[in-house]
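Here the structure is laid out as structure tokens; the discussion comes afterwards.
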Amino acid sequence: MFAIDRHAWANRWRDRHPGERLLLAGGGLLILSLLPVFTTAPLILLVMTIATVAGAGIPVRDLLAFMAIPVGFLLTGAPFLAVSLDLNDGIRLAFSPAGAMTALEVTLRSLAALSCLALLALTTPVVELVALLRRLGVPSAIVEIMLLIYRLIFLFMEQAITGQHAQAARQGYSTFGRSLRSLGQLVATLLQRALQRARRLETGLAARGFEGELRVLSPVHALSWPRLLRIGVLLGAVSLLALRLDRWLG
Amino acid sequence: MSDPILLAEGLEYAYPDAVMALQGLNLRVQPGRRLALLGANGSGKTTLLLHLNGTLRPARGQVRLDGQILGYDRAARLAWRSRVGLVLQDPEDQLFSATVAQDVSFGPLNQGLSDAEARTRVDEALASLRIAHLAGRPTHALSFGQKKRVAIAGILAMRPAVVILDEPTAGLDPHGVAHLLGALRHLQDSGTTLVFSTHDVDLAYAWADDIAILGAGRVLRQGTAVEALADSNLLGSAHLRTPTILALATALRDSGDLEWSDAQPPRTQGELVELIRQRSVHARN
Amino acid sequence: MSDPILLAEGLEYAYPDAVMALQGLNLRVQPGRRLALLGANGSGKTTLLLHLNGTLRPARGQVRLDGQILGYDRAARLAWRSRVGLVLQDPEDQLFSATVAQDVSFGPLNQGLSDAEARTRVDEALASLRIAHLAGRPTHALSFGQKKRVAIAGILAMRPAVVILDEPTAGLDPHGVAHLLGALRHLQDSGTTLVFSTHDVDLAYAWADDIAILGAGRVLRQGTAVEALADSNLLGSAHLRTPTILALATALRDSGDLEWSDAQPPRTQGELVELIRQRSVHARN
Amino acid sequence: MHIMEGFLPPIHAAAWTAVAVPFLVVGARRVVTLTREQPQTRLLLASAGAFAFVLSALKIPSVTGSCSHPTGTGLGAILFGPSVMAVLGAIVLLFQALLLAHGGLTTLGANIVAMAVVGPWVAYGVFRLTRSLGGALTIAVFLAAMLGDLATYLMTSIQLALAFPDPTSGILGALTKFGGVFALTQIPLAVIEGLLTVIVVNLLTQYSRDDLDALAFAHGGAK
């Protein structure tokens, strides 16, 4: 249903420990936050893109598709930063060089950060990241609910799409007013069905000894210390290079 | 052969997660006939149906209605859906209103009919499916078979020329199947073209005029029911099997016990039993 | 006749909306056999299954497991469900975890097994349904037939003595049905008792050792498959019909074309075709 | 509208995350208590959360033809109560970032504050206030959903203005700039979301009382 999810379950790094990708992407976001943007961002963008495409084997086309919508947001949002608004003398809009620098900085940082998110999202199933939250002290009830939400999203999305197809087949979206009414009916029906599903799951899981907790085996992915070390070294090298370039550019 | 009312030419379609569902599919729907789209789970039946009423737009290829290539702008889709009605498999996916009559009125009202006209359409549709007595009932309290018929009534009330049904008999018991098929036959008698998808080879053989066998996003064979089902290897490769009645009738003809012509093969349990009885009566005389 | 492993005596049950679902139902389940609960939609099949594993509690009557009347406190229910596994019709009602292996581990972990033991159970259950290759796959990306098998694996991993399946073949294409029945046969060979509900008379006839015919919340008749299906009037009043193979085999015997004994009637298309072939070979010799 | 990954300066991203945390902790405590009292609540809450995700993925019909999605904050706050909604909203936002590339991880805190805290609390407050003043259910629902929606966008504008003060006119100027753009696009959408929520709640109260009762647990039976 979601292209991102499909890659997350089937890429070259599928069997590796999710902590490794979390370190790479999270470390990338961290140094991007701490170090000068103008030199760090291009390096991060480069490293993450290479890792995603050459490392995990995600096709370039799909990586670009991932970036497309947020980049669209960026292209419409960033120019606003380059325009200044003068309120003293009526309302006057003007180009601002300082604002333009901010816009450029934001664009670079966003692109680089986006490449970190892409690396993580395209290579790691959401549920494996959620499972890591337990170690961060998130209560197990919350983690279990998150895992169940993940599963149910696909089910309910399917129902939503099919429901809309059915309404469209009966001209439910022929005018604005009818569209609104159809959508309202769809949402109300989806909620009812969601609650029904909760009740039926209760019966279905009771047959399997469900008493409230949703404990399952965790997948075994061995954490590779050599790989973690290499990722650390890579991030360190990027940091050093970024700082050096920054000094060199003055 | 008359001009097809619907014609799919070289349809290709992939879902957003890159699963290829249709891979160059061709199909012709003859007016006034019953066409079964027979295929295993995952063969692309539902995706095809969603193309036939313009819900999905093919990446390549086109659909013609009455010979005209169809567009995908809003107006074109609206006109298309007034001619081609689609009933999905799970009635829960398409019943949104509190009562049966309200639900069935959804389509006619969306078509811009007046309340009075819509009411007439509702009564007509419910009557033609023999469920007029359900009109005032709350939809959630209906049995599965009743929901199925209400969902069909919701499409009939729009008076489409072609009615497309996704797995119409799925989940129905023998009595429910008989009841539904009776109502659909009645519909065909009034000139409506029927297209239905199914993985039930016995149903397709008993009930379709024409059959298109689907596999891996293509129509592997299309013809009259008997033509399409003749090749058991093809059926096997499509994860299907030869219909029971056809297999037995063929075995009985091969063994010399029974005679029947390909033009008029026995289609149902009743017809085959009758054939056996007649023969034994003959033999005795 | 050996002692029944499960015995339902005089079950009565009404749903909160006052619809009477069971009205004095009696049923016996013989160990190691395949029992089909055959009934039309609304005949009370699912309600009965939910009583057999202790999910619903009858207003009157009782269920015995190995001769013991069963209680409904927490401990009793847990023990009961370890012996009697229930697979619901819609696999989506029973699958909740992201991957197949995780999902299947749920039952064994609830039984208090260690992680290592649970892992063994998961591997075993997946292997016995021939879906070991799916272990690491995300549940939501499975086909319908695969989901169905994973749901069954989730119950098998708890090693119940009795496995109850609600409409196990509903929604499966011929290939999927064959695959599933093969896996279930394998299960029975290892001594598991199977109970399944269905409205498919052909399936029940082809595949059950014993059949109980349900109608209006009662067991109308219970016996071996041939015994239970002999009375076509009874079947009609239960909104069912005579299985195709049985009807044809009977017609062929009546017409004098075929001979077979009630003890060993032809059950499947293959068996009946074989019988016809053999006879024609005989006749020629 | 979600703030995209990397858009906010790091200090701001961290600060908004810090603001979001207490709300999440309180909400999580409530969820933990609820699930302890009634274990099956897990299934109900998960269904509610998945529903919220799907709701935010539906396309809203718009007059202009451009595509937009409901925020669902008003409906969620009315159905599930604001403290539980904070948790469910945060989960939905995390999943949107990872499954759809909407929003981001560094901006998760800021988005949670706007969409899972401010929006729902405003919606809930408006709903209770209107009801206690004797306003009709329909009016209360409409105002709650519309103002909840607008509050979300106002909050997002404030977040952006604080992060990117206008070079000439400062934070106020930036707020006018961002707020003006959002107002133009969002007021019609907020009205549409208000209407949509009224339709949904009307249908639910007419035909699905049981379901509403089942959900009332999440905020102590408030109706």
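Just so it is clear, the values below take in all heavy atoms, side chains as well, and ignore hydrogens, waters and symmetry mates.
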What part of D:Phe95 is in contact with chain A, defined as an atom under 4.5 angstrom from a non-hydrogen atom: side chain, backbone, both or neither? side chain
In sequence, state the C-alpha distance, the side-chain angles, and the governing distance for D:Gln96 and D:His2, and then conclude on side-chain hydrogen bond (donor to acceptor under 3.5 Å, both in side chains). CA-CA 10 Å; D:Gln96 284 177 330; D:His2 305 59; 2.7 Å; yes
Side chain, backbone, both or neither: which part of D:Val201 has a non-hydrogen atom closer than 4.5 Å to chain A? neither
Checking A:Asn11 side chain against A:His7 main chain: does a donor-acceptor pair fall under 3.5 Å? yes
Tell me, for A:Pro139 versus chain D, whether the close heavy atoms (under 4.5 Å) come from the side chain, the backbone, both or neither. side chain
Sequence neighbours excluded, which residues qualify as salt bridge (charged side-chain N to carboxylate O under 4.0 Å, His left out) partners of A:Arg21? none
Side chains of D:Glu5 and D:Thr106: is there a donor and an acceptor less than 3.5 Å apart? yes
Quick one: do A:Ser84 and A:Ser96 satisfy side-chain hydrogen bond (donor to acceptor under 3.5 Å, both in side chains)? Show the steps, please. CA-CA 6 Å; A:Ser84 78; A:Ser96 148; 5.1 Å; no
Against chain A, label D:Pro9 side chain, backbone, both or neither, depending on which of its atoms sit under 4.5 Å from a heavy atom there. both
With a 4.5 angstrom heavy-atom cut-off, which part of A:Leu122 approaches chain D: side chain, backbone, both or neither? neither
Going by salt bridge (charged side-chain N to carboxylate O under 4.0 Å, His left out), name the residues that satisfy it together with D:Glu193, two or more places apart in sequence or in a different chain. none
Which residues, numbered in order, of residues 26-40 of chain A come under 4.5 angstrom of chain D by heavy-atom distance? A:Leu29, A:Ser33
May I have the step-by-step check of side-chain hydrogen bond (donor to acceptor under 3.5 Å, both in side chains) for D:Thr152 and D:Asp149, ending in yes or no? CA-CA 5 Å; D:Thr152 296; D:Asp149 195 326; 5.6 Å; no
Check each atom of D:Leu98 against the heavy atoms of chain A and say whether the ones under 4.5 Å are side chain, backbone, both or neither. both
Does any backbone or side-chain atom of D:Ala101 lie under 4.5 Å from a heavy atom of chain A? Answer side chain, backbone, both or neither. both
Tell me, side chain or backbone of A:Tyr150 under 4.5 Å from chain D's heavy atoms, or both, or neither? both
Ring centers of D:Phe164, A:Phe80 separated by less than 6.0 Å: no
Can you tell which part of D:Leu58 gets under 4.5 Å to a heavy atom of chain A, answering side chain, backbone, both or neither? side chain
In terms of heavy-atom pairs under 4.5 Å with chain D, the winner among A:Ala8, A:Pro97, A:Ala121 is A:Ala121
Given the rule in the side-chain hydrogen bond (donor to acceptor under 3.5 Å, both in side chains) test, do A:Ser182 and A:Arg178 qualify, once you have shown the distances and angles that lead to the verdict? CA-CA 6 Å; A:Ser182 296; A:Arg178 290 190 190 114; over 6 Å; no
What part of D:Ile11 gets closer than 4.5 Å to chain A, counting heavy atoms only: side chain, backbone, both or neither? neither
Toward chain A, the part of D:Phe7 with a non-hydrogen atom under 4.5 Å: both
Part of D:Leu75 lying under 4.5 Å from any heavy atom of chain A: side chain
Neighbourhood of chain D inside residues 185-202 of chain A, taking heavy atoms under 4.5 Å as contact: A:Gln185, A:Leu186, A:Val187, A:Ala188, A:Leu190, A:Leu191, A:Gln192, A:Ala194, A:Leu195, A:Ala198, A:Arg199, A:Leu201, A:Glu202
With a 4.5 angstrom heavy-atom cut-off, could you sort out which part of A:Leu74 is near chain D: side chain, backbone, both or neither? both
